[in-house]
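Let me begin by presenting the structure, written as structure tokens, before commenting on it.
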Amino acid sequence: AQSVAQPEDQVNVAEGNPLTVKCTYSVSGNPYLFWYVQYPNRGLQFLLKYITGDNLVKGSYGFEAEFNKSQTSFHLKKPSALVSDSALYFCAVRLTGFQKLVFGTGTRLLVSP
Amino acid sequence: SQTIHQWPATLVQPVGSPLSLECTVEGTSNPNLYWYRQAAGRGLQLLFYSIGIDQISSEVPQNLSASRPQDRQFILSSKKLLLSDSGFYLCAWSGSSGEKLFFGSGTQLSVL
């Protein structure tokens with residue numbers, strides 16, 4: 001079955017430092033991979049996706065993610081963190097031909113001033 | 001532009017009472033519709049998804065049901081709520097490819 005794993009419950013980083021939120025996936029076919037962000041008491045917002053092509057994809061708010069097929073990973077990155085980036089981040093996967101996304105358990109990002 | 005409306009924002013219900021959460025989408029036709037539940041502010045569990053009227057797939061056996069009486073309306077129901085039904089319920093829609101989901105603002109359900 002398709003799944004994604006987010007090994008870190010929480011990531012702490014100081015403002016201005018680079019951040020990485022980890023995600024690994026397990027699928028039997030070609031994955032479509034996504035990152036979403038959730039602010040308190042709100043729905044999720046789309047950040048970026050990987051379908052095919054360049055392994056480095058750029059998304060909203062300065063975030064990017066790198067698809068690594070050999071390591072089955074899709075880590076979210078940002079060169080310089082902002083306090084306003086503090087939120088809950090979800091990785092998700094979808095198989096070609098399927099209509100549903102499977103989400104990871106989420107990683108809470110805390111950026112300190 | 002497309003918008004998604006989900007209500008109510010919060011709901012407190014006694015155990016054994018019925019439930020009806022409603023979600024509507026505007027500005028698009030024949031969307032895919034989804035109900036997710038988020039427990040304890042963390043992981044998202046897909047409950048139901050629908051690719052068309054009367055086409056609803058249930059992902060997890062549970063005390064809940066879903067209906068799609070109109071193309072852009074998705075309803076989550078229960079005849080008798082359990083304590084374990086408490087959580088944050090999110091409705092979402094996507095285009096036919098299902099690649100990008102747009103979420104509603106959620107309903108915080110507390111069953112007491």
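Because the structure is predicted, anything quoted here is derived from the model rather than measured. We use all heavy atoms of the structure for the numbers below, so side chains are in, but hydrogens, waters and symmetry mates are not. By convention in this document, chain letters (A, B, ...) are assigned in the order of the sequence lines, proteins followed by strands, and residues within each chain are numbered from 1.
Summarising the geometry of B:Lys100 relative to A:Phe46, their closest heavy-atom pair is CE-CD2, 3.2 Å, with the distance given to 0.1 Å. Between B:Gln38 and A:Phe90, the closest heavy-atom pair is NE2-CZ, 3.4 Å.
At a threshold of 4.5 Å between side-chain heavy atoms, the hydrophobic network of Ile, Leu, Val, Met, Phe, Trp and Tyr places B:Val15 and B:Leu19 in one connected group. Hydrophobic clustering (side-chain heavy atoms under 4.5 Å, transitive across Ile, Leu, Val, Met, Phe, Trp, Tyr) groups A:Val102 together with A:Val27. B:Ile75 and B:Leu64 fall into different hydrophobic clusters, where Ile, Leu, Val, Met, Phe, Trp and Tyr are joined by side-chain heavy atoms under 4.5 Å apart, directly or via other members. Hydrophobic clustering of Ile, Leu, Val, Met, Phe, Trp and Tyr side chains at less than 4.5 Å, counting indirect connections, unites A:Val21 with A:Val4. By the criterion of side-chain heavy atoms lying less than 4.5 angstrom apart, applied directly or through intervening Ile, Leu, Val, Met, Phe, Trp or Tyr residues, B:Phe74 is grouped together with B:Leu11 in one hydrophobic cluster.
Ranked by heavy-atom pairs under 4.5 Å with chain B, the list A:Pro40, A:Ala92, A:Gly43 is led by A:Gly43.
With values rounded to the nearest 0.5 angstrom, A:Arg42 atom CZ is found 9.0 Å from B:Phe88 atom CZ. From B:Tyr49, atom OH reaches atom CG of A:Leu101 across 11.0 Å, with rounding to the nearest 0.5 Å. Of the inter-residue distances, the one linking B:Leu90 atom CG with A:Phe103 atom CZ reads 9.0 Å to the nearest 0.5 angstrom. Between the CD atom of A:Gln38 and the CG atom of B:Leu44 there is a distance of 6.5 Å, given to the nearest 0.5 Å.
B:Tyr36 touches chain A through its side chain: at least one heavy atom from C-beta onward sits under 4.5 Å away, while N, CA, C and O do not.
Within a 6.0 Å radius of NZ in A:Lys49, more than 12 heavy atoms belonging to other residues, nucleotides or ligands are found.
Contacts of residues 103-112 of chain B with chain A at a heavy-atom distance below 4.5 Å involve B:Phe103, B:Gly104, B:Ser105, listed in sequence order.
Residues forming a ring pair (Phe, Tyr, Trp, His ring centres under 6.0 Å) with A:Phe67 (at least two apart in sequence, or on another chain): A:Tyr25, A:Tyr50.
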